Amino acid sequence: MTTIVSIQSSVAYGHVGNSAAVFPLQRLGVEVWPVYTVHFSNHTGYGAWRGPLLAAEDVRAVITGMEEREAFPDVDAVLSGYQGGSQIGDVILDAVARVKAANPSAIYACDPVMGNAKSGCFVHPDIPILLRERVVPQADLITPNQFELGFLTGTEPETLEDTLAAVDLARAMGPSTVLVTSVLRPDRPADTIEMLAVHGDEAWIVQTPQLPMKANGSGDVTAALFTAHLLNSGPDEALAKTVSSVYALLKRTLDSGRRELQLVQSQEEIAHPAMEFVPTRVR
């Protein structure tokens, strides 16, 4: 059975961080061991929230407790998302090193959350530097959007060729696999968006309609699903399954008129993707 340690935030209301990643992974039959970095009432996009930001040493203690149960040899991947500070980054990197020492075939999947093209960078100024200089070089898989890819590589990718070149720069930093979660090239058909996966000598792109919405947590779901699928299939199949599930989830959320992801309501589309979007090999 695939086992993933997911070190992320948690909310009681809604679906971001581990509250977005754990259930979809479980519906895929993955054993998930969540480690929480915060436990908030809701995501911060509402402008107001309550609950604790967990101290880095408390997070480290939870990870150490799992290690003491001799659990790490069973771990196939460590997954991380939004990193609230450099101390949490240190804890995550330490956890990755300990897991890989116990199971050298385990991978580290990092979603380098920094911002997006519309909002710009919305994390503490120290975080992008931490991600670029210390975290991404330790990752095996990263899942940036196009804006984040540009920051990591000091580029401004727009065309497919630009984006592939930026991916190559990112892979030279350390990761063997890059999933670019939102490619918005200028020559794409109107009202479409693409996702690009590069793994080994293969590069695959897939296009879907671009839905008129902003959905907090969709990146967390995307990173979790792609990580799980890549552990058990090739990059093209992992991309097709991930895109199919995420599009169905977003479409259901849009149709519901609600702000939060309709995650539970979309569980069948997560467990059994319709595979209606076919990736095209571009390398």
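Bear in mind the structure is a predicted one, so any value in this text is a computation, not a measurement. Side-chain atoms are counted along with the backbone in the values below, which use heavy atoms only and exclude waters and symmetry mates.
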Determine whether [X] and [Y] fall in the same hydrophobic cluster, where Ile, Leu, Val, Met, Phe, Trp and Tyr are linked whenever their side-chain heavy atoms lie under 4.5 Å apart.
X: M66; Y: Y36; answer: yes
X: V96; Y: Y82; answer: yes
X: V183; Y: V278; answer: no
X: I142; Y: W204; answer: no
X: L231; Y: L179; answer: yes

Whether [Y] and [X] form a salt bridge (side-chain N of Lys/Arg under 4.0 Å from carboxylate O of Asp/Glu) is what I want to check.
X: R69; Y: D74; result: no
X: R171; Y: D140; result: no
X: D94; Y: R60; result: yes
X: R185; Y: D162; result: no

>> Which residue in the set I7, V38, T37 passes side chain to side chain contact (heavy atoms under 4.5 Å, CB included) when paired with I88?
In response: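 Of all the options given, the one that passes is T37.
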
> With T163, which of L184, D168, L149, V178 fulfils side chain to side chain contact (heavy atoms under 4.5 Å, CB included)?
Replying inline: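 Checked L184, D168, L149, V178 against T163; only one passes side chain to side chain contact (heavy atoms under 4.5 Å, CB included): L149.
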
Rounded to the nearest 0.5 Å, what separates atom [atom1] in [X] from atom [atom2] in [Y]?
X: N145; Y: T222; atom1: CG; atom2: OG1; result: 10.5 Å
X: T253; Y: R258; atom1: OG1; atom2: CZ; result: 10.5 Å
X: S233; Y: L239; atom1: OG; atom2: CG; result: 10.0 Å
X: R188; Y: I193; atom1: CZ; atom2: CD1; result: 7.0 Å
X: L28; Y: F23; atom1: CG; atom2: CZ; result: 10.0 Å
X: Q146; Y: T181; atom1: CD; atom2: OG1; result: 9.5 Å

With no hydrogens and no angle check, do the side chains of [X] and [Y] hold a donor and an acceptor under 3.5 Å apart?
X: D111; Y: T143; result: yes
X: D126; Y: S86; result: no
X: S10; Y: H39; result: yes
X: Y108; Y: S80; result: yes
X: R132; Y: T153; result: no
X: R252; Y: Q262; result: no

Would you indicate whether the side-chain heavy atoms of [Y] and [X] approach each other to under 4.5 Å?
X: L261; Y: V16; result: no
X: I107; Y: D76; result: no
X: I63; Y: V5; result: no
X: Q8; Y: L79; result: yes
X: T192; Y: Q210; result: no
X: E194; Y: V206; result: no
X: P279; Y: M195; result: no

>> Restricting to ring pair (Phe, Tyr, Trp, His ring centres under 6.0 Å), what partner residues turn up for F277, sequence neighbours left out?
In response: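 If we apply the ring pair (Phe, Tyr, Trp, His ring centres under 6.0 Å) test to F277, skipping adjacent residues, the hits are Y247.
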
Closest non-hydrogen atom pair, [X] against [Y]:
X: R259; Y: G45; result: NH2-O, 3.1 Å
X: W33; Y: V75; result: CZ3-CG2, 3.5 Å
X: E276; Y: S244; result: OE1-OG, 2.7 Å
X: C110; Y: V135; result: SG-CG1, 3.7 Å
X: V91; Y: A56; result: CG2-O, 3.5 Å
X: A20; Y: G217; result: CB-O, 3.9 Å

>> As a quick check of understanding, evaluate side-chain contact (heavy atoms from CB on, under 4.5 Å) for R281 and E202, giving each step before the final call.
In response: CA-CA 7 Å; R281 187 166 182 176; E202 299 180 23; 3.2 Å; yes

Please say whether more than 12 non-hydrogen atoms of neighbouring residues, nucleotides or ligands are located less than 6.0 Å from [atom1] in [X].
X: R50; atom1: CZ; answer: no
X: K100; atom1: NZ; answer: yes
X: D191; atom1: CG; answer: no
X: E156; atom1: CD; answer: no
X: Q87; atom1: CD; answer: no
X: E158; atom1: CD; answer: no

Donor-acceptor under 3.5 Å ([X] side chain, [Y] main chain):
X: S266; Y: L263; result: no
X: N18; Y: A21; result: no
X: E133; Y: L130; result: no
X: E148; Y: M114; result: yes
X: E237; Y: G234; result: no
X: S245; Y: K241; result: yes

>> Determine whether T2 and N232 satisfy the following criterion, side-chain contact (heavy atoms from CB on, under 4.5 Å), listing intermediate values before the conclusion.
In response: CA-CA 9 Å; T2 300; N232 297 291; 3.4 Å; yes

> Which is it for T177 and V198 under the side-chain contact (heavy atoms from CB on, under 4.5 Å) test, yes or no, and what are the steps along the way?
Replying inline: CA-CA 6 Å; T177 306; V198 181; over 6 Å; no

>> So that I know where these two stand, are H43 and Y46 an aromatic pair - ring centroids less than 6.0 Å apart?
In response: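 That pair passes the under 6.0 Å test.
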
>> Run R98 and T64 through side-chain contact (heavy atoms from CB on, under 4.5 Å) and show every step you take.
In response: CA-CA 9 Å; R98 290 199 241 171; T64 299; 3.1 Å; yes

